[in-house]
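Counting starts at 1 for both ligands and their atoms, following the listed order. Every value quoted in this text rests on a predicted model; they were computed, and no experiment measured them.
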Amino acid sequence: MIIAIDGPAASGKGTLARRLAVHYGLPHLDTGLLYRAVGSAALARAIPFDDADALGRIAAGLDVAALDPEALKAGPVGEAASRVAAVPQVRAALLRLQQDFARQPGGAVLDGRDIATVIAPDAQVKIFVTASPEVRAERRYREFAGRGDTASYDEVLADIRRRDERDSGRASAPLVRAPDAVLLDNSALDRDQSWQAALAIVEAKRRETGSAT
Ligand code: DC
């Protein structure tokens, strides 16, 4: 069973994807980390965000086993990731790796922006997780504050709106809900309610498709 989870920044899609992977015993790929790694390398090497060929080369040479999720989750890396993710050469270089991950025997859980539309359009389960920008900013703000980050709520909200606009407005594989994806708006749900809603969506799909996994 392939479970595709898409949604904007801080929608809670990563938490749900991780938990679904554990629940069903499936491998999980947080595809945002790939773009974050390219963005982080671009920042470190001072490569301009319009140097598509250089960014594409970084993406093609990415060592996925060496990614450090903790370091890549830091604030400025998210913005850089969103910038490099709009570059078609970067997306092309990361495509095969993600498709191979999705198609491994037994299936997988992947979360990102274009999983249901581009990476695994054949996924049995597609969930589009979202929440209002204000709710997402509040969550991200608390998360950053917990790590000692000094960004204000207004700065976090502005960053989220900017990334939403760029991720949804780009020409190459924009963030969009696949027509057959189930919408999970968790604006008014706590973590556990959101988990129960996601689980109910997967279970309903499993019954519908008779999935053995
Ligand atoms: O999910 P995240 O916040 O870690 O993603 C960081 C950025 O990477 C996001 O702003 C857009 C980009 N991204 C993408 O374009 N496609 C994906 N499948 C995953 C992430």
Spatial distance of atom NZ (K73) from atom CG (D30) [nearest 0.5 Å]:
4.0 Å
N or O contact, D30 vs ligand 1, cut-off under 3.5 Å
no
If we only count N/O pairs under 3.5 Å, is D114 in contact with ligand 1?
yes
Give a yes or no on whether the backbone of R162 and the side-chain of E165 come within a donor-acceptor separation of less than 3.5 Å.
no
Side chain, backbone, both or neither: the part of R162 lying under 4.0 Å from ligand 1 by heavy atom:
neither
Which protein heavy atom lies closest to atom 17 (C) of ligand 1, and at what distance to 0.1 Å?
R113 N, 3.4 Å
Polar side-chain atom of D6 near backbone of A116 as donor-acceptor pair, under 3.5 Å:
yes
Considering only protein heavy atoms, which is closest to atom 7 (C) of ligand 1, and at what distance to one decimal place?
A81 CB, 3.6 Å
Worked check of salt bridge (charged side-chain N to carboxylate O under 4.0 Å, His left out) between E143 and R139:
CA-CA 6 Å; E143 187 188 320; R139 291 178 188 156; over 6 Å; no
Gap separating the CD1 atom of I160 from the OH atom of Y141, nearest 0.5 angstrom:
13.5 Å
Side-chain donor/acceptor of R163 to backbone N/O of A9, under 3.5 Å
no
Heavy-atom pairs closer than 4.0 Å: do any link ligand 1 to the side chain of R163, the backbone, both, or neither?
side chain
Using 0.5 Å steps for rounding, measure from the CG atom of L16 to the OG atom of S11.
8.0 Å
of all protein heavy atoms, closest to atom 19 (C) of ligand 1 is T31 OG1, 3.4 Å
Could you check atom 12 (C) of ligand 1 against the protein and tell me its nearest heavy-atom contact, residue, atom and distance included?
A85 CB, 3.6 Å
Residue-ligand contact K13/ligand 1, heavy atom below 4.0 Å:
yes
Starting from atom 8 (O) of ligand 1, which protein heavy atom do you reach first, and at what distance in Å?
Y35 CB, 3.5 Å
Looking only at N/O atoms, are D167 and ligand 1 under 3.5 Å apart anywhere?
yes
Can you see which heavy atom on G14 is nearest to which on H28, and at what distance?
O-CE1, 4.4 Å
How close does the nearest protein non-hydrogen atom get to atom 16 (N) of ligand 1, and which residue and atom is it?
R91 NH2, 3.0 Å
Please walk me through it: do R170 and R91 pass side chain to side chain contact (heavy atoms under 4.5 Å, CB included)?
CA-CA 12 Å; R170 69 185 177 219; R91 304 202 75 83; 3.2 Å; yes
Please check whether R36 reaches ligand 1 - meaning an N/O of the residue sits under 3.5 Å from an N/O of the ligand, judged on distance alone.
yes
